[in-house]
K.L.:
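Sharing a structure with you now.
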Amino acid sequence: MNQTTFPKKYNPKDTEEKINQFWEKNKIYKFDKKNTKKKIYSIDTPPPTVSGKMHLGHLFSYSQMDFIARYKRMSGFNVFYPFGTDDNGLATIILIEKTNKIRAKDTDRDKFTKLCLKTLEKIRPQYIRSWKKIGLSADFNLFYTTINKHCREISQKSFIDLYKQGRIYRKKTPIMICPKCKTAIAQVELEDVEKKTYLNYIKVPIIKTNKYLVFATTRPELLPACVGMSVHLDDERYKKFIGKKVKMPITNAEIEITEDENIDIKYGTGIAYFCTYGGVEDIDWITRNQEIKPINIIDINGIYNEKAGKYAGMTSLQARAKIINDLKKIGCLIKQEEIKHTVNTHERCGTDIEFVATEQFFIKYLDLKNKFLKAGAKLKWHPEFMKNRLDNWIKGLKWDWCISRQKNFGVPIPVWYCKKCGNIILADEKQLPVDPLKDKPISEKCTKCGCNEFVPEKDVLDTWATSSLTPQIAASLIPERFNEIYPFDLRPQSHDIITFWLFNTLVKSQLHNNINPWKCVMISGWALDPKGEKMSKSKGNVIEPQLMIEKYSADALRYWAAKSKLGDDLAFKEEYLKNGMKLCIKLWNASKFVISNLEKYNLNEIKHSNPEILDIWIIEKTNITIKTATNYLDKYEYSQAKKQIEFLFFNVFCDNYLEFIKYRIYRDEMTNSKKSALITLNFVLFDILKMFAPFIPYITEEIYQLYFRQTNAKKSIHLCDWPKIKHYKNKNEFLETGDLFCNIIAQIRQYKNKNNLSLKTKIKNIKISLETQQEKQLIEKIIADIKGVGVVENISFDVKKNEK
RNA sequence: GGGCGGAUGGUCUAGCUGGUAUGACGUUGCCCUUACAAGGCAAAGGUCGGGAGUUCGAAUCUCCCUCGGCCCACCA
């Protein structure tokens with residue numbers, strides 16, 4: 001047997017770097033596409049955005065999915081674990097603009113996309129390095145970026161398929177836009193912020209009377225778009241005015257007072273005025289009052305148009321200031337009351353959203369709410385209660401999915417319009433991916449009118465329209481095994497995007513294939529700052545994972561990530577990283593001790609036919625841990641599994657077993673008890689290492705390579721089999737005896753402690769108290785061990801109660 | 001307003017298909033024991049947010065209340 005010198009100290013920094021290169025060079029995590037014997041376990045890995053940096057939250061949730069991936073790999077699965085990046089959104093635009101000093105607005109879309117792909121190609125390796133560094137065992141060659149050809153093609157194909165199904169429609173409709181980003185935004189992109197504003201009380205004369213009404217509004221600038229005014233039927237103050245008309249100041253428009261049961265009598269003056277469109281309630285109202293024509297005064301860019309009269313060319317904010325001034329001048333503004341209210345803003349830029357009527361593409365799905373609820377219920381949720389969030393969301397959906405975006409970057413909507421008749425011409429599947437701005441439809445003439453001139457659609461698809469296809473995108477990287485990969489076994493992701501990524505993916509899969517995209521979902525929580533608060537740049541409490549890896553090691557960070565229960569948020573505390581390091585150091589030292597002793601002998605030559613009681617005891621303890629840890633991991637409860645393994649290692653193996661066998665293996669002559677100890681040490685340590693491997697992959701690999709690799713065919717510990725249970729007869733008796741033994745050793749330790757004695761000090765006599773006579777019988781078999789381990793010459797027993 | 005999850009020694013945390021509580025950090029004492037001083041051994045410390053109920057028995061089940069958290073909906 002080769003003698004390896006086990007390094008005295010563990011150096012995580014160098015080791016992790018070295019191990020990483022080893023993994024990469026030997027393609028340890030490569031998906032074996034030719035292997036048809038192993039069952040595939042497929043993971044729909046979340047694609048992060050290259051434009052960002054890896055943050056602690058990433059580290060947290062990717063580590064958690066990696067525990068499962070590694071466990072499944074060791075359990076004999078052929079793990080399909082791709083890694084993509086999501087690069088067709090605003091963040092990418094900003095990055096490309098910055099790096100290349102250009103503006104997307106002023107650049108040809110095709111050129112910008114190419115430039116983007118080129119830039120991403122350049123910066124990607126550095127970015128992905130972070131993910132490799134945390135020990136992610138994905139196959140990085142199963143790669144996609146949501147803006148590449150492969151993804152554009154699949155995304156456009158999805159559009160065409162849904163269009164043909166009649167699921168996609170184009171409609172002029174009020175839609176939320178961000179006046180700053182100048183694009184349509186979806187419900188999920190909203191963030192509500194509480195803001196201070198003024199509730200303005202405005203006086204309007206009632207026509208043909210000398211009376212007037214006062215209504216209150218936070219959006220006075222929409223006055224030119226006012227189309228209605230309502231009061232509640234039960235409102236004694238206003239009941240009599242229903243059916244009368246008022247004359248709006250400034251515009252002189254005549255508005256009829258109507259009755260509407262949704263009016264809150266207590267809010268403002270109890271009179272609501274409706275503009276097209278100030279908010280959801282305006283849209284609701286106009287849907288209830290079909291005969292009323294909207295006045296669209298805001299354009300898609302957020303600027304007021306000619307219908308706004310003198311306010312044309314302004315933004316809402318500018319118009320508001322001006323109109324308040326004008327109302328004051330003519331004496332119509334009675335008062336302004338400062339209030340706090342919640343406004344919907346665009347989550348990316350914080351700008352208040354506007355409602356504007358524009359032509360947009362929608363995926364029709366409101367009619368399928370029940371189908372989606374049922375589909376959600378079919379998924380196995382871990383943790384289970386997270387399903388409520390999806391249900392809640394589906395039940396609350398109000399609009400179809402608006403999938404067009406007015407941006408000059410993204411996946412182009414594969415559509416042209418006939419110049420003459422406006423007929424929509426879909427791209428042909430054969431020509432995908434297509435860019436209507438530069439490509440022409442395959443059919444040269446409009447099928448309706450025969451015209452041969454086409455207007456390209458300028459809009460692109462919502463980023464979620466593409467990222468909701470990650471299962472199809474990833475699985476089609478290995479087309480020949482598509483059907484074994486899809487539906488995926490697992491979708492891991494964090495809870496904040498259940499309502500979009502998870503939901504949208506489910507929707508697409510249901511619409512295209514009528515099945516769920518995955519069998520089960522694993523929802524992770526958030527990484528919080530040490531105080532338990534959300535990390536954000538503005539708060540300045542962001543923790544750099546890279547710095548922490550430098551300081552403590554990736555294994556320590558992963559150890560921290562394994563601390564939280566699945567789905568729970570977890571505060572980041574350096575103390576936990578220290579615990580992680582402590583475990584690594586302990587694992588290193590214990591392995592050093594065990595291996596340095598094992599290395600002295602050729603284990604194959606040591607044959608023992610008679611295992612000692614305490615050796616069977618530790619094997620049985622290991623068996624129990626294997627069983628419970630396996631159960632927990634099968635339920636995705638990695639934190640419980642880790643806890644069990646850690647307990648076995650620290651409290652049973654190190655604190656007790658290693659101490660128990662020292663006196664045996666320190667002997668020079670090769671006795672049976674020494675042989676038994678060596679053999680047991682060998683495989684218990686190996687089992688422990690294997691169980692730790694999914695959590696702390698670096699140090700376990702290093703120890704494997706230093707010793708166990710010599711006698712194992714597998715190149716890496718991560719390719720080894722997950723430990724199996726060894727069977728012994730009468731294991732309960734061994735368990736009982738071993739546990740009792742621990743108890744007695746504890747008594748001896750206590751005795752020495754009380755008497756300020758070192759543990760190795762030999763004592764002549766000690767009295768041990770036992771509970772029953774039966775215990776005494778068990779103990780007699782291992783009296784020699786007690787004397788040896790406890791360093792005692794004579795032992796007497798004091799039995800508390802006698803058995804009948 | 002609707003929904004979901006929490007509240008356990010000084011701090012963080014496990015347990016929650018019921019039988020007086022897990023571990024870590026911190027604190028104190030002992031030990032420089034041939035794996036480990038970022039150590040080992042040992043000790044002190046909690047009756048499980050409050051109230052009621054079910055039960056022989058509840059941190060664990062039911063109901064109510066209080067206080068955080070998250071998701072969703074919210075106003076002219």
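Values below: all heavy atoms of this structure, side chains included; hydrogens, waters and symmetry mates excluded. First the proteins, then the strands, lettered A, B, ... as listed; each starts at 1.
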K.L.:
Out of rG3(B), rA73(B), rA24(B), which nucleotide sits closest to the side chain of Asn388(A)?
P.N.:
rG3(B)
K.L.:
Looking at rA35(B), rA14(B), rA42(B), which one has an atom nearest to any side-chain atom of Lys565(A)?
P.N.:
rA14(B)
K.L.:
Using a 4.0 Å heavy-atom cut-off across all strands, classify Lys563(A) as base, sugar-phosphate, or nothing.
P.N.:
nothing
K.L.:
Check this for me, if you would: do Glu575(A) and Lys578(A) make a salt bridge, where the nitrogen-to-carboxylate-oxygen distance has to be below 4.0 angstrom?
P.N.:
no
K.L.:
Nearest of rA35(B), rG39(B), rC70(B) to any side-chain atom of Lys582(A)?
P.N.:
rG39(B)
K.L.:
For Lys643(A) and rA24(B), is the shortest distance between a side-chain N/O and OP1 or OP2 below 4.0 Å?
P.N.:
no
K.L.:
Decide yes or no on side chain to side chain donor-acceptor pair (under 3.5 Å) for Asn743(A) and Gln747(A), but give the supporting numbers first.
P.N.:
CA-CA 6 Å; Asn743(A) 176 300; Gln747(A) 287 191 42; 3.1 Å; yes
K.L.:
Which one, rA35(B), rA24(B), rC41(B), comes nearest to the side chain of Asn579(A)?
P.N.:
rA24(B)
K.L.:
For Asp655(A), report the nucleic acid contact type (base, sugar-phosphate, nothing); a contact means any heavy atom under 4.0 Å.
P.N.:
sugar-phosphate
K.L.:
Nearest-Å distance, CH2 (Trp526(A)) to P (rG68(B))?
P.N.:
23 Å
K.L.:
From rU11(B), rC74(B), rG3(B), pick the nucleotide closest to the side chain of Lys573(A)?
P.N.:
rU11(B)
K.L.:
Under 4.0 Å between any heavy atoms, over every strand shown, what does Thr218(A) touch: base, sugar-phosphate, or nothing? Just pick one.
P.N.:
sugar-phosphate
K.L.:
Cationic tip of Lys592(A) within the cone over Phe6(A)'s six-membered ring, i.e. under 6.0 Å and within 45° of the normal?
P.N.:
no
K.L.:
Rounded to the Å, how far apart are Phe593(A) CZ and rU34(B) P?
P.N.:
11 Å
K.L.:
Applying a 4.0 Å non-hydrogen cut-off, can you work out what Glu659(A) is touching in the nucleic acid: base, sugar-phosphate, or nothing?
P.N.:
base
K.L.:
Choosing from rC36(B), rA42(B), rG5(B), which nucleotide comes nearest the side chain of Phe385(A)?
P.N.:
rG5(B)
K.L.:
Which part of the nucleic acid does Ile271(A) contact within heavy-atom distance under 4.0 Å: base, sugar-phosphate only, or nothing?
P.N.:
base
K.L.:
Reckon Lys642(A) touches a base, only the sugar-phosphate, or nothing at all at heavy-atom distances under 4.0 Å?
P.N.:
nothing
K.L.:
Does Asn392(A) reach a base, just sugar-phosphate, or nothing at all? Heavy atoms under 4.0 Å.
P.N.:
base
K.L.:
Is the closest basic N to carboxylate O distance between Lys586(A) and Glu646(A) below 4.0 Å?
P.N.:
no
K.L.:
Under the side chain to side chain donor-acceptor pair (under 3.5 Å) criterion, do Asn392(A) and Lys395(A) qualify, and how do the steps go?
P.N.:
CA-CA 5 Å; Asn392(A) 236 358; Lys395(A) 286 175 192 158; over 6 Å; no
K.L.:
Once you apply a heavy-atom cut-off of 4.0 Å, does Tyr576(A) come out as touching a base, just sugar-phosphate, or nothing?
P.N.:
sugar-phosphate
K.L.:
Grab the CD1-P distance between Ile645(A) and rG23(B) for me, whole Å please.
P.N.:
18 Å
K.L.:
Hey, what are the protein-to-nucleotides 27-31 of chain B N/O distances that come in under 3.5 Å?
P.N.:
residue : atom : partner   : partner atom : Å
rG29(B) : N2   : Asn753(A) : OD1          : 2.9

K.L.:
Round to a whole Å and report the spacing from CG of Asp568(A) to P of rU8(B).
P.N.:
14 Å
K.L.:
With a distance cut-off below 6.0 Å to the six-membered ring centre and an angular limit of 45° from the axis, does Lys563(A) pair with Tyr576(A) as a cation-pi contact?
P.N.:
yes
K.L.:
Have a look at Cys275(A) and say if it touches a base, only the backbone sugar-phosphate, or nothing, with a 4.0 Å heavy-atom cut-off.
P.N.:
nothing
K.L.:
Should Lys380(A) and Tyr636(A) be marked as a side chain to side chain donor-acceptor pair (under 3.5 Å) after you check the CA-CA gap, both sets of side-chain angles, and the distance that decides it?
P.N.:
CA-CA 11 Å; Lys380(A) 275 192 208 125; Tyr636(A) 302 84; over 6 Å; no
K.L.:
Could you check whether Phe67(A) and Tyr638(A) have their ring centres less than 6.0 Å apart?
P.N.:
yes
K.L.:
Would you check if the distance from the ring center of Tyr365(A) to the ring center of Phe503(A) is below 6.0 Å?
P.N.:
yes
K.L.:
Do Val684(A) and Tyr657(A) make a side-chain contact, defined as non-hydrogen atoms from C-beta onward lying under 4.5 Å apart?
P.N.:
no
K.L.:
Under a 3.5 Å cut-off on both pairing distances, which runs of 3 or more consecutive Watson-Crick or G-U pairs involve RNA chain B?
P.N.:
B:1-4 with B:69-72, B:10-12 with B:23-25, B:27-31 with B:39-43, B:49-53 with B:61-65
K.L.:
When you get a sec, tell me which of rA73(B), rC36(B), rC71(B) is the closest nucleotide to the side chain of Trp393(A)?
P.N.:
rA73(B)
